[in-house]
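Hydrogens, waters and symmetry mates play no part in the numbers below; they use all other heavy atoms, side chains included.
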Amino acid sequence: MRIYKLVLGFLAATTLVSTLNATDYTQRGPSSFEEYDTNNDGFVSESEFYDLRAKKMEAKANQGMRMKNAAYAPTFESFDTNGDKKLSKAELLEGQMKNMKQRMNQKGMGNGMNSGQGMNKGQGMTPGQGMGKGMNNSNQ
């Protein structure tokens with residue numbers, strides 16, 4: 001009986017540890033450098049880059065999550081700015097930031113002032129749009 005409890009305790013602890021160490025590939029946002037660098041050599045290879053992307057897409061598909069714009073995901077080459085066929089931590093972070101900025105601008109969340117996109121595009125109730133003559137026209 002004592003061995004039985006010991007074995008059950010060990011299995012429970014092992015399950016808990018593996019659950020805590022499991023990566024949730026369905027989380028939104030960019031993955032960390034450490035998630036990409038599976039062999040811990042300090043760089044992300046092309047295969048590590050695409051392997052993680054495939055794992056994330058598979059996990060999302062299994063959860064029934066939508067994968068809008070998956071066809072437009074950035075390529076490894078777009079991150080590899082020095083062309084050495086491996087990504088440093090700085091290259092990965094820079095590529096992720098560039099990709100996030102592009103997506104924000106495409107969604108119309110840019111600052112509007114300089115980009116011509118976003119909420120300050122001038123699409124409000126300007127003359128010729130909206131209510132027209134009437135409410136504040138005291139000359140009638």
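The shortest side-chain heavy-atom distance between Glu91 and Phe79 does not fall under the 4.5 Å cut-off. Contact of the Lys60 side chain with the Arg66 side chain is not registered, since no non-hydrogen atoms from C-beta on lie closer than 4.5 Å. A 4.5 Å side-chain heavy-atom check between Lys89 and Glu34 finds at least one atom pair inside the cut-off. In this structure the side chain of Leu87 reaches within 4.5 angstrom of the side chain of Phe76, judged on heavy atoms. Asn99 places none of its side-chain heavy atoms less than 4.5 Å from the side chain of Tyr72.
Of all heavy-atom pairs spanning Leu92 and Tyr36, the tightest one is CD2-CD1, 3.6 Å.
Note that CE of Met57 is 12.0 Å distant from OH of Tyr50, once rounded to the nearest 0.5 Å. Taken from CG in Leu52 to OG in Ser47, the straight-line distance is 11.5 Å, to the nearest 0.5 Å. Interatomic distance, Asp80 CG to Ser45 OG, rounded to the nearest 0.5 Å: 11.0 Å.
Although no hydrogens or angles enter the test, the distance criterion places no donor-acceptor pair under 3.5 Å between the side chain of Asp37 and the main chain of Val44.
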List the steps, then state whether salt bridge (charged side-chain N to carboxylate O under 4.0 Å, His left out) holds for Lys55 with Glu35.
CA-CA 11 Å; Lys55 287 177 185 175; Glu35 286 178 274; over 6 Å; no
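Taking a cutoff of 4.0 Å between a charged side-chain nitrogen and a carboxylate oxygen, Lys86 and Glu48 do not qualify as a salt bridge.
For the residue pair Lys56/Ser31, the side-chain donor-acceptor check at 3.5 Å is satisfied.
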